[in-house]
Amino acid sequence: MHIKIGEFEFTECWDGVLYKKLSNYPEISEWEIQTVYDFMKYEEDNGRESDIEADSAILKAIEDYRPTYEAGARVATPEKITECIACPKYKGCMTDFVCHTASIEDAKSILESGKLLSAVRARKKSAQELKSESRNAANDPEDYFDYVMFAWGNCQAGDRLVMERKLGRFPEERYLSEDFTPGVRFFFKYDKLVEHPDRVFEGVLPFKIKHEVILKDWVHAIIIPENHKNEFESHIPSDLKDKVYYVQNDCKDIWEWSEKVYEFARQI
């Protein structure tokens, strides 16, 4: 894997390259250095080497921090991360919650099983098969499909991916505004779920969890668009009924919906 540190729109991993955006380029914080090392460690644990392309001062800061990272010290998670400032209200990722977003149909199966499952377990296909599918546009490695993925609680990326899968292509602007149809969001408190025994830091997402997450043990809130209430009632097990909330989508676009459901989860 190749790591490029610079002035990008946001941090993302795409086709074997981690594009690492810094909040205050060319300064790199200890938190950001930690995520770089987390990425390299994850890649090494899965048999892949990493190299870094960055300014000399950034490379020196990373190397100087190596003994601290290798000693096992962890930087506390910032209250807000500003590597991405796309959301109109927050101008950054709020870190009190993480979220997993599913399509309406997938959410019914998740609720019936009581578990969030990795792609391998949910779709009952091998990681090799999943890697080769056209929907793997980022060319993610096979091991990625063994994990349940999480975004920060106020992020719209999960709903954007649901729309992309629904359309079979990257959504045009109207599918993120007047024709936007939200998925179902599973909210978790970060400081609770981060203690999951199968949690892995990999430097891009807040974290991911191998194989499965038992909802009754970990979930904070499950938010379903209100217009789907009738079709969901029969799919919700008794031990999750008090975690399910129906919220009306009266929002103008994906950003407003993301803000609404995040604030709803915070108030529960």
Side-chain angles (χ1 to χ4, degrees), residues 1-46 48-99 101 137-141 144 147 149-161 170 176 190-191 193-194 199-208 254-255 258-259 262:
M1 287 284 189
H2 183 57
I3 303 168
K4 295 184 70 171
I5 301 175
E7 294 186 273
F8 305 113
E9 187 176 358
F10 45 76
T11 293
E12 68 171 338
C13 189
W14 191 269
D15 198 17
V17 180
L18 171 62
Y19 298 91
K20 181 64 178 176
K21 160 80 180 288
L22 302 184
S23 298
N24 188 31
Y25 187 86
E27 301 296 321
I28 185 168
S29 69
E30 288 188 349
W31 164 264
E32 290 164 337
I33 294 173
Q34 177 175 272
T35 63
V36 170
Y37 276 116
D38 285 343
F39 183 84
M40 291 193 294
K41 182 180 185 302
Y42 176 83
E43 293 302 307
E44 183 181 355
D45 289 346
N46 286 277
R48 295 183 292 272
E49 295 183 356
S50 302
D51 62 276
I52 305 175
E53 177 184 337
D55 292 346
S56 58
I58 293 173
L59 291 173
K60 183 178 186 305
I62 292 171
E63 187 57 35
D64 288 348
Y65 195 77
R66 182 184 295 273
T68 302
Y69 183 84
E70 292 181 347
R74 298 288 301 177
V75 179
T77 306
E79 291 184 6
K80 183 166 84 170
I81 298 169
T82 56
E83 292 177 22
C84 175
I85 56 172
C87 54
K89 178 174 181 177
Y90 307 101
K91 295 297 181 183
C93 299
M94 308 304 293
T95 65
D96 48 350
F97 285 92
V98 294
C99 182
T101 307
N139 194 28
D140 290 335
Y144 279 38
Y147 292 87
M149 310 291 192
F150 296 90
W152 294 114
N154 67 311
C155 185
Q156 46 72 50
D159 270 306
R160 184 183 289 263
L161 182 59
F170 289 112
L176 303 178
Y190 175 86
D191 59 1
L193 192 60
V194 77
R199 179 265 300 136
V200 172
F201 293 118
E202 43 73 274
V204 183
L205 304 170
F207 52 75
K208 57 190 182 184
I254 191 173
W255 302 102
S258 297
E259 176 186 325
Y262 167 67

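- Heavy atoms only, all atoms of each residue included: Ser258 and Cys155 are closest at OG-O, 4.0 Å.
- Taking every heavy atom of both residues into account, Cys13 and Ala138 meet most closely at O-CB, 4.1 Å.
- Nearest heavy atom pair, residue Trp31 against residue Ala76, reads CE3-O, 3.9 Å.
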Worked check of side-chain contact (heavy atoms from CB on, under 4.5 Å) between Tyr37 and Arg66: CA-CA 8 Å; Tyr37 276 116; Arg66 182 184 295 273; 3.1 Å; yes

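- Judged purely by atom type and a 3.5 angstrom limit, Thr11 uses its side chain to pair as donor or acceptor with the backbone of Lys21.
- Note: Tyr147 OH to Arg199 CZ = 11.5 Å, rounded to the nearest 0.5 Å.
- Taking both residues in full, the closest heavy atoms of Cys99 and Gly153 are given as CB-CA, 4.1 Å, listed atom of the first, atom of the second, then distance.
- Taking the side chain as every heavy atom from C-beta outward, Gln34 and Phe201 never approach each other to under 4.5 Å.
- Taking the ring axis of Tyr144 as reference, the NZ or CZ atom of Lys208 stays within 45° of it and closer than 6.0 Å to the ring centre.
- Residues satisfying the side chain to side chain contact (heavy atoms under 4.5 Å, CB included) test with Ser50, not counting sequence neighbours, are Met1, Ile3, Phe39, Met40, Glu43.
- By the 30° and 60° cut-offs, the orientation of the rings of Phe207 relative to Tyr190 is tilted.
- Considering every non-hydrogen atom in both Arg48 and Pro141, the closest pair reads NH1-CB, 3.4 Å.
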Where do Tyr69 and Lys41 land on the side-chain contact (heavy atoms from CB on, under 4.5 Å) test, with the steps shown first? CA-CA 11 Å; Tyr69 183 84; Lys41 182 180 185 302; 3.8 Å; yes

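- Within a 6.0 Å sphere centred on CD of Glu49, other residues, nucleotides and ligands contribute 12 heavy atoms or fewer.
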Phe170 and Arg160: CA distance, side-chain angles, deciding distance, side-chain contact (heavy atoms from CB on, under 4.5 Å) verdict: CA-CA 9 Å; Phe170 289 112; Arg160 184 183 289 263; over 6 Å; no

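- The closest side-chain heavy-atom distance from Val36 to Tyr65 is not below 4.5 Å.
- Annotation: side chain of Trp255 is not in contact with side chain of Leu176 (no heavy-atom distance under 4.5 Å).
- For the atom pair NE2 (His2) and CD (Glu53), the distance works out to 4.0 Å, reported to the nearest 0.5 Å.
- In terms of heavy atoms, Asp38 sits closest to Gly203 at CB-N, 3.8 Å.
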Audit row: Glu202, Leu18, side-chain contact (heavy atoms from CB on, under 4.5 Å) steps and yes/no: CA-CA 11 Å; Glu202 43 73 274; Leu18 171 62; over 6 Å; no

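- For Ile58, the side chain to side chain contact (heavy atoms under 4.5 Å, CB included) partners are Ile5, Leu22, Tyr25, Ile28, Ala54, Asp55, Ile62, not counting sequence neighbours.
- Note: Asp140 CG to Trp14 CH2 = 8.5 Å, rounded to the nearest 0.5 Å.
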Tabulate below the donor-acceptor pairs under 3.5 Å that side-chain atoms of residues 84-98 make, not counting sequence neighbours, or state none.
| from | atom 1 | to | atom 2 | distance (Å) |
| --- | --- | --- | --- | --- |
| Tyr90 | OH | Glu263 | OE2 | 2.6 |
| Thr95 | OG1 | Pro78 | O | 2.5 |
| Thr95 | OG1 | Glu79 | O | 3.2 |
| Asp96 | OD1 | Tyr262 | OH | 2.8 |
| Asp96 | OD2 | Tyr262 | OH | 3.2 |
| Asp96 | OD2 | Arg266 | NE | 3.2 |

